[in-house]
Amino acid sequence: MKYSKPRGTRDFLPGEMAARRYVEQMIRRVFIRFGYKEIATPTFEHLELITAKSGEDIVAHLYHFKDKGGRDLALRPELTAPVMRLYVNELQNSPKPLRLYYFGNCFRYERPQAGRYREFFQAGVELIGSSSPEAQAEVIALVNAVLEELGIREYELHIGNIGILRKILAENGIGEEVQAHIMGVIDKGDEAQLEEELNRLELPEEEKEVILGVLELKGRRGEVVERAEALLAGRESVLKELRSFEEILDALESFGVKNYHLNLGIARGLDYYTGMVFEVYAYKLGAEKQICGGGSYSLAEVFGGKPVATSGFAFGFDRLLLALEKEGVKLPDTERTLFMVIPMGRELVPYAIEVASLVRRSYVCELEVMRRKVKKALAYADAKGIPYVILVGEEIKEGKVLLKDMRAKEQREVNVEELESVLAAIAKGNP
RNA sequence: GCCACGGUAGUGUAGCCUGGUUAGCACAAGGGACUGUGGAUCCCUUAGCCCGAGUUCAAAUCUCGGCCGUGGCCCCA
């Protein structure tokens with residue numbers, strides 16, 4: 001093999017691609033039904049856009065380069081930043097809310113492993129302009145709707161709220177920057193380091209215990225809320241956070257989503273998340289089991305826009321496909337060839353072309369172009385699982401072709417004028 | 001960036017430990033026998049030791065490095 005593909009990239013073969021397109025279409029249909037409109041942004045952006053959102057450290061995980069004009073550019077590592085840039089550039093004065101969706105490839109320079117590639121695909125939405133509970137709940141409901149539509153069963157939806165933690169830290173006079181740093185440590189799940197950081201902030205022992213206690217709040221809603229109320233007793237502003245979180249959950253339940261887990265230990269490590277955050281895990285997947293992540297955030301101002309409440313999420317499209325595969329969900333081949341036209345002699349090729357052109361106006365149809373003998377051409381159709389073959393022989397001169405059912409091993413003569421209606425009947429029986 | 005295991009035609013493999021014939025087999029692919037009818041049979045063809053260096057008279061085989069793959073760690077916007 002002279003050239004191999006770059007590390008962490010993939011070639012997608014025909015059957016696989018048909019399955020990917022099928023899943024992509026299903027996701028799009030659900031997004032569209034919720035009123036989201038597709039947008040697309042460039043494959044690469046200014047490096048600064050990425051670092052503005054995610055910090056300088058991110059550069060180590062980027063594909064970045066200088067173009068011939070000396071500009072620092074980077075292949076997009078995710079789509080939230082480009083979408084919010086687009087919003088700030090073009091759509092700030094559009095009627096609110098804005099419901100936008102995207103589907104695209106992203107690039108990260110990381111060590112490939114199961115469910116992790118250097119070029120991967122994300123599908124997601126941003127709901128811009130509302131901070132209402134129902135707006136926040138809608139994006140979670142949308143995730144749920146997509147997963148139901150796809151038929152994925154083995155997943156867990158975990159919902160958290162970093163507003164509560166932020167509030168406790170703020171009440172202790174801790175600024176937003178340090179808050180963000182603490183969130184990062186929490187996201188890592190390194191308890192020893194978290195203890196250390198909290199000690200460094202010289203928080204009273206009681207405050208530390210409350211913070212650590214909040215992180216332990218996981219489980220069903222009723223139980224978590226009860227424990228949270230006990231833990232946060234007397235802290236009115238923090239309890240207010242909790243109550244507005246509950247309003248989101250109320251709305252979510254109105255949307256019909258009830259099978260979620262609360263987890264107030266989710267931090268998502270991002271300083272622009274403001275309140276509600278959520279993640280979806282497919283436990284059959286192994287180390288890279290998160291198939292979706294999102295929440296409510298404030299990012300427009302980072303890109304020079306007016307602050308605007310936004311909620312959104314991104315699906316790891318490749319992981320969705322892996323999850324479907326692991327669960328044995330059968331995906332239909334949307335590109336299946338239904339018909340094949342075979343000329344029964346060289347002089348009949350022009351007629352065969354005409355017949356194939358006729359069939360191709362409505363159906364997937366292959367034309368024998370290898371100049372093979374009928375026998376070999378039929379063997380090909382058989383090997384490819386093409387269910388119907390149209391043989392073009394001398395009868396074509398009387399306006400007739402032979403229509404062969406490969407599975408039933410039967411064939412009959414059909415007038416070319418009637419072909420369209422005959423094929424329509426066949427296509428109806430072969431969805 | 002780190003760890004483990006792996007890499008022989010398009011695919012799956014034998015050979016590697018114990019260096020030594022022309023690197024074997026199956027399937028797949030293209031062609032042919034078979035003259036207007038598909039899973040059979042026979043024949044032919046195409047096609048391979050991941051790359052590089054080292055050891056050696058001699059390397060698919062031993063050593064080292066790189067690349068790639070699989071899984072895990074770190075990270076995961």
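Chain letters run A, B, ... following the sequence lines, proteins first and then strands; every chain starts at 1. Source: prediction; values computed, not measured.
Atom CZ in A:Arg108 sits roughly 10 Å away from atom C1' in B:C75 (whole-Å rounding). Between the CD atom of A:Gln193 and the P atom of B:C74 there is a distance of 13 Å, given to the nearest Å. Atom CD1 in A:Ile266 sits roughly 12 Å away from atom P in B:A77 (whole-Å rounding). If you take OH of A:Tyr117 and P of B:G69, they are 10 Å apart, rounded to a whole angstrom. The interatomic distance linking A:Leu49 (CG) with B:A77 (P) rounds to 17 Å, in whole Å. Between the CZ atom of A:Arg118 and the P atom of B:U70 there is a distance of 12 Å, given to the nearest Å. Atom CD in A:Gln113 sits roughly 6 Å away from atom P in B:C73 (whole-Å rounding). Regarding A:Ile50, its CD1 atom lies at a distance of 14 Å from the P atom of B:A77, rounded to whole Å.
The distance from atom CE of A:Met17 to atom CD of A:Glu335, rounded to the nearest 0.5 Å, is 8.5 Å. Atom CG of A:Leu324 sits about 9.5 Å away from atom OH of A:Tyr22, to the nearest 0.5 Å. For the atom pair A:Leu79 CG and A:Cys106 SG, the distance stands at 4.0 Å (nearest 0.5 Å).
Here B:C42 sits opposite B:G32 as a Watson-Crick or G-U wobble pair (both hydrogen-bonding atom distances under 3.5 Å). Judged by Watson-Crick or G-U wobble contacts below 3.5 Å, the nucleotide B:A58 has no partner. Pairing partner, B:G52: B:C64, with both Watson-Crick or wobble hydrogen-bond distances short of 3.5 Å. For B:U18, there is no paired base (Watson-Crick or G-U wobble, both distances below 3.5 Å). Nucleotide B:G69 is matched to B:C5 when pairs are restricted to Watson-Crick or G-U wobble geometry with both distances under 3.5 angstrom. Of the nucleotides present, B:G24 is the one that pairs with B:U13 by Watson-Crick or G-U wobble criteria, both distances under 3.5 Å.
Relative to the ring axis of A:Phe121, A:Arg20 places its NZ or CZ within 45° and under 6.0 Å from the centre. A:Arg99 forms no cation-pi arrangement with A:Phe34, by the criterion of a distance under 6.0 Å to the ring centre and an angle within 45° of the ring axis.
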Kindly indicate, with the supporting measurements, whether the criterion side-chain hydrogen bond (donor to acceptor under 3.5 Å, both in side chains) is fulfilled by A:Lys376 and A:Tyr380.
CA-CA 6 Å; A:Lys376 284 281 167 100; A:Tyr380 167 84; over 6 Å; no

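Of the P atoms belonging to B:G65 and B:C5, the separation is 13 Å, rounded to the nearest Å. Separation of the C1' atoms belonging to B:U21 and B:G15 is 14 Å when rounded to the nearest angstrom. The P atoms of B:U70 and B:C34 are separated by 48 Å, rounded to the nearest whole Å. Look at the C1' atom in both B:A4 and B:A9: the space between them is 29 Å, to the nearest Å. Across the P atoms, B:C43 and B:C64 are found 45 Å apart, a figure rounded to whole Å. Between B:G10 and B:G30, the two C1' atoms lie 13 Å apart (nearest whole Å). With both ends at atom C1', the span from B:A23 to B:G39 equals 32 Å, rounded to whole Å. Going from the C1' atom of B:U18 to that of B:U61 covers 10 Å, rounded to whole Å.
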What string of B, S and - do you get for nucleotides 32-47 of chain B 5' to 3' if you count protein non-hydrogen atoms under 4.0 Å?
BSB-BBBBB-------

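Inter-residue side-chain proximity for A:Arg108 and A:Tyr117 is flagged as unmet; no heavy-atom pair is nearer than 4.5 Å.
Remark: A:Ala323 engages A:Ile152, A:Ala282, A:Leu285 in a side-chain contact (heavy atoms from CB on, under 4.5 Å) (not counting sequence neighbours). Taking the side-chain contact (heavy atoms from CB on, under 4.5 Å) definition, one finds that A:Ile353 meets it with A:Val349, A:Ser357, A:Leu367, sequence neighbours left out.
Each of A:Thr80 and A:Arg371 was assigned the nucleotide of RNA chain B with the nearest heavy atom; the assignment lying further toward the 5' end belongs to A:Arg371.
A salt bridge links A:Arg221 with A:Glu246; the closest basic N to acidic carboxylate O contact falls under 4.0 Å. The pair A:Glu410-A:Lys404 does not count as a salt bridge, with every side-chain nitrogen at least 4.0 angstrom from each carboxylate oxygen. Salt bridge status for A:Arg21 with A:Glu16: absent, with no side-chain N to carboxylate O gap under 4.0 Å.
There is a side-chain donor-acceptor pair under 3.5 Å between A:Gln136 and A:Ser296.
Of all nucleotides listed (B:G30, B:C75, B:C73), B:C75 comes nearest to the side chain of A:His61.
Here A:Glu288 lies in heavy-atom contact (under 4.0 Å) with a base. Using a 4.0 Å heavy-atom criterion, one finds that A:Gly8 contacts the sugar-phosphate atoms exclusively.
The two residues A:Pro343 and A:Val374 make their nearest non-hydrogen contact at O-CG2, 4.3 Å.
Listed by residue number, the members of residues 304-326 of chain A with any heavy atom below 4.0 angstrom from RNA chain B form an empty set. Of the residues in residues 274-287 of chain A, those lying under 4.0 Å from RNA chain B by heavy-atom distance are A:Gly286, A:Ala287.
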Measure all distances between protein nitrogen or oxygen atoms and nitrogen or oxygen atoms of nucleotides 2-6 of chain B, and list the pairs falling under 3.5 Å.
| unit_1 | atom_1 | unit_2 | atom_2 | d |
| --- | --- | --- | --- | --- |
| B:C2 | N4 | A:Arg111 | NE | 3.1 |
| B:C3 | N4 | A:Arg111 | NH2 | 3.2 |

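Using bins of under 30°, 30° to 60° and over 60° for the plane-to-plane angle, the ring pair A:Tyr36/A:Phe31 lands in the tilted bin.
Between A:Arg7 and B:G69 there is a side-chain N or O to OP1 or OP2 distance below 4.0 Å.
Around the CG atom of A:Asn199, the shell of radius 6.0 Å holds more than 12 heavy atoms that belong to other residues, nucleotides or ligands.
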